Amino acid sequence: MTDTRRRVKVYTLNEERQWDDRGTGHVSSCYVERLKGMSLLVRAESDGSLLLESKINANTAYQKQQDTLIVWSEAENYDLALSFQEKAGCDEIWEKICQVQGKDPSVDITQDLVDESEEERFDDMSSPGLELPSCELSRLEEITEVVASSLPSPLRREKLASALENEGYIKKLLELFHVCEDLENTEGLHHLYEIVKGIFLLNRTALFEVMFSEDCIMDIIGCLEYDPTSSQPRKHREFLTKTAKFKEVITISDPELKQKIHQTYRVQYIQDMVLPTPSVFEENMLSTLHSFIFFNKVEIVGMLQEDEKFLTELFAQLTDEATDDEKRQELVNFLKEFCAFSQTLQPQNRDAFFKTLSNMGVLPALEVILGMDDAQVRSAATDIFSYLVEYNPSMVREFVMQEAQQNDDDILLINLIIEHMICDTDPELGGAVQLMGLLRTLVDPENMLATANKTEKTEFLGFFYKHCMHVLTAPLLANTTEEKPSKDDFQTAQLLALILELLTFCVEHHTYHIKNYIINKDILRRVLVLMSSQHVFVALCALRFMRKIVGLKDEFYNRYIMKSFLFEPVVKAFLNNGSRYNLMNSAIIELFEYVRVEDIKSLTAHVIENYWKALEDVEYVQTFKGLKLRYEQQRERQDNPKLDSMRSILRNHRYRRDARTLEDEEEMWFNTDEDELEDGEAVVPPSEKAKTDEDIIDPISKFMERKKLKDSEEKEVLLKTNLTGRQSPSFKLSFSSGTKTNLTSQSSASSLSGSPGSPGSPGSPGSPGSPGSVSKSTSQTAAITTKCLSPEHNEQDCNARRSFRWKKTLRDRRARRREMQSQNVKYTPDISGEGSEHEFDAQGSEEEQEELASIPESCSEMEDDFTQGQRPGGLVGLVDYPDDDEEEDEDEEEEEEKEEILPLSKKARLGS
């Protein structure tokens, strides 16, 4: 055989029947000369020391469990286990063990059959049963060996169990027990302990019936007192007969029921106290014992449930005022145990059980019991009430609503529960926590029923807020009458925290009822008084309550918060906390961050207007500065309603254009050949050309309506600047789009001639393709064509002159931009139309002047119009709209209109 090494943990079973970890190492199987056979060796992975050296014996029962565990017994009460890291290592070592013992590796237990000759094995399988030694004192050791050797083999276990049943062997063994005990034969008593323990491990119900019978059970317990590992015998029988007393609070007339109760108690005691902790071999060998106890409890509950006389007497004595306190306590404890037994029932049986208790009047009885002064009785009644609420909360709700029609609020069952929660004397409020959980279950809408005729949620919540909520909030209201809590001890703080937890649950799940209650009773202001408590957990509960309210984003709550200035206690707590980075600091910042992120406008304005001075110095988070920014944006929108309206019209059709876009459009227009442009066609970005006609015309119409309001002011300005009195020709504006929508305008303004000036502002609205004309443009653009109506004008020549002028302007701008960029100065095109330092000489070089002179002079009037800031004939450009992020003031618009009337250009003088 070759050595194999696998990583394992070595475990041994201690005297308390618990597994102890002996270390981690690597296992191998090899021949050990000293042990004269194949052995399992485990060497520690830390230092190589020998953790285990165990010879693989041919008659040792090895068991493989869970694919990675091998367990066996070296000697009596000395069990070993190897836990493998990998399944492959476990399989390999298992094969070695099976190879030594001559077993098939597919089995999980190597010793299914005792090593016998083929003839003996055949006899075992063909014989009708196992022949046990005669039950004599001298043969107890032999009997012990037979029982122990039969346990590993399922076949021999069956034969042993049959032999014990048929021959009445158990009773004979118990007779020997009495003899040994009288003779004080300790060795015989130890053998009997091993025999009885082995019988338990046979896991047979028929044997349990015999062992747990009235005649035998105490003797069985006696046998188990003499554990060989204990120096002194245990006194289990003395405890069961003298210490443990059976109290028959209501006389049980059925002897079978009474015997079943005794038997169940004693068997439960054997399982819990007498039998040792089962080893890994025995872990599944006591399942029948568990089942025996379970079915006994089911049978007891069924028999009691069917005895109507018994239950009637029980509830009659519970509610009778003449019943003394001690008797009532016993009755309540019995009912509690009765309900605990019911938890073992199947669902359908449990339904029938609680329905029977309800018909017998368990809830009215609990109402009486909870009103008593005895704390132990009330505690037991609370446990019974919890069973009922967990099983069927609707049944409890229906009862309390019915009794509200007959009784005062003070004696209602649910109010008694609340009072017990408030008056819990336990410093840790263990009972109060349990009762708060029951109340939460009762007011949870998720488990309320809704039918066609009625809605349980509406009815019960209406009842609860009318009859019970004032009882729940009484401690809170009584303790928050001043600016600080009147009582701030630990127990009171715990109670208020429980109440706040329930109220927070109500805010989350009850909308209408809790909202009215909070606003009408001013609950939130009272709760925020607890922000000044010395107990941080209470202050956090109060803050969590407010956070839950703010999280609803309900304007009714928001107006209530603003009207009562309820952020003030929060801000004070934040400032008092200082710069400490703790849960309070984080929770308060999270509250304000939620208001900012969710953009709750009313609360944002309220916080900034009232508490900004206190919060403006907080810079380690950007929450408050973000709130301030939100607030300023709101104010801007409120102060500029026209901007808001324009934004609402164009929001879906606009985009922001940055300086890079403007420069790209300059380059595009400048680099486009004149011949490539159709007459009267605007140079616009492809994305803008793609817009539909309706998208273009609608915002332009809005804009033009605003422009019409300035007509009278423009006329006055033109008259004041009129030097020659010569009337300019009429012109027509038309929108150049798929469908020509014409807007005809007659201008009576006089043209200016003879005065020196620039050829026109490249930044004036409507200029064809100039950067200035798109500085405020949007994705919605319109092409405006101005046609000269004078018959002698050549429209082609007009277009040529116009194209020349604008190409020259763009070349100058381009040169200026490059010059400023070389000097690391940001270039900004002049879009003001004022002709300041960015106004260029339009005459150009001599070659350019000659080119201009070759154009017929018949267009001089149009040039005059052009130089005066008018839209020239045949001009196609971008309509200038206000951007979403810019605000146009009325005064600024008037100034821009006036600035469009520019001095005459040198070109106009040459043309004349």
Side-chain angles (χ1 to χ4, degrees), residues 13-17 73-79 130-151 160-161 163-204 207-246 262-263 265-279 281-282 285-286 289:
L13 197 67
N14 60 26
E15 293 181 355
E16 288 76 25
R17 312 301 291 172
S73 294
E74 287 281 309
E76 187 176 2
N77 294 327
Y78 185 68
D79 293 350
L130 180 68
E131 183 178 352
L132 290 171
S134 59
C135 195
E136 298 174 0
L137 190 61
S138 60
R139 305 193 69 178
L140 281 176
E141 183 176 0
E142 186 180 350
I143 298 171
T144 304
E145 292 177 356
V146 171
V147 172
S149 63
S150 300
L151 291 178
L160 177 60
L164 291 172
E165 291 175 31
N166 297 333
E167 300 177 12
Y169 209 81
I170 293 177
K171 290 187 177 181
K172 295 177 182 179
L173 289 173
L174 294 179
E175 291 174 1
L176 282 181
F177 168 71
H178 288 290
V179 173
C180 290
E181 199 168 36
D182 292 339
L183 297 175
E184 297 183 357
N185 185 346
T186 305
E187 185 180 358
L189 292 172
H190 288 169
H191 286 310
L192 285 169
Y193 172 88
E194 296 293 344
I195 294 170
V196 171
K197 178 185 173 184
I199 295 174
F200 268 100
L201 296 179
L202 292 176
N203 212 25
R204 293 291 293 265
L207 295 178
F208 289 156
E209 293 288 351
V210 176
M211 297 166 68
F212 299 151
S213 64
E214 187 71 21
D215 299 333
C216 300
I217 189 167
M218 294 306 292
D219 291 336
I220 292 292
I221 295 173
C223 290
L224 294 173
E225 290 180 350
Y226 294 94
D227 186 351
T229 60
S230 299
S231 58
Q232 295 293 330
R234 308 294 176 86
K235 298 182 178 180
H236 298 304
R237 287 173 294 174
E238 182 179 342
F239 173 82
L240 291 173
T241 55
K242 296 181 180 179
T243 306
K245 298 291 184 181
F246 175 67
H262 284 294
Q263 183 190 59
Y265 175 78
R266 290 166 180 170
V267 175
Q268 186 83 56
Y269 181 82
I270 291 174
Q271 182 190 39
D272 297 339
M273 302 300 298
V274 179
L275 287 178
T277 303
S279 69
F281 280 115
E282 305 161 350
M285 292 185 177
L286 295 176
L289 183 61

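Heavy-atom basis, side chains included; hydrogens, waters and symmetry copies ignored. What you are looking at is a predicted structure, and each value in this text was computed from that prediction instead of being measured.
Remark: I221 pairs with I217, M218, H236, R237, L240, I270 by the side-chain contact (heavy atoms from CB on, under 4.5 Å) rule, at least two apart or across chains. Residues passing the side-chain hydrogen bond (donor to acceptor under 3.5 Å, both in side chains) test with S134, sequence neighbours excluded: E136, R139. Remark: H178 pairs with no residue by the ring pair (Phe, Tyr, Trp, His ring centres under 6.0 Å) rule, at least two apart or across chains.
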side-chain contact (heavy atoms from CB on, under 4.5 Å) between F212 and L289, worked out: CA-CA 11 Å; F212 299 151; L289 183 61; 3.6 Å; yes

Please step through side-chain contact (heavy atoms from CB on, under 4.5 Å) for the pair R234 and M273, ending with a clear verdict. CA-CA 11 Å; R234 308 294 176 86; M273 302 300 298; over 6 Å; no

Does E181 form a side-chain contact (heavy atoms from CB on, under 4.5 Å) with Y226? I'd like the steps, not just the answer. CA-CA 10 Å; E181 199 168 36; Y226 294 94; 2.9 Å; yes

Show the numbers, then the answer: is there a side-chain contact (heavy atoms from CB on, under 4.5 Å) between F177 and V196? CA-CA 11 Å; F177 168 71; V196 171; over 6 Å; no

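A centroid separation of 6.0 Å or more is found between the aromatic rings of F246 and Y265.
Expressed to the nearest 0.5 Å, how far CG of L176 lies from CG of L189 amounts to 10.5 Å. The OG atom of S150 sits 8.0 Å away from atom CG of L132, with the distance rounded to the nearest 0.5 Å. Here the OG atom belonging to S230 is positioned 11.0 Å from the CD atom belonging to E225, to the nearest 0.5 angstrom. Atom CD of E194 and atom CD of E141 lie 11.5 Å apart (nearest 0.5 Å). Between the CD1 atom of I220 and the CG atom of L174 there is a distance of 4.5 Å, given to the nearest 0.5 Å. Between the CG atom of L207 and the CG atom of L201 there is a distance of 11.5 Å, given to the nearest 0.5 Å.
Side chains of S213 and D215: no donor on one and acceptor on the other come within 3.5 Å.
When all heavy atoms of S73 and D79 are compared, the closest pair comes out as OG-OD1, 2.5 Å. Residues K245 and K242 share a closest heavy-atom pair of CE-O, 3.1 Å.
I199 places a side-chain heavy atom less than 4.5 Å from the side chain of L173. In this structure, H191 and I143 have side chains that are not in contact, with every pair of non-hydrogen atoms separated by 4.5 Å or more. Contact of the T144 side chain with the L192 side chain is not registered, since no non-hydrogen atoms from C-beta on lie closer than 4.5 Å.
The environment of CD in E142 is crowded: more than 12 heavy-atom neighbours from other residues, nucleotides or ligands sit within 6.0 Å.
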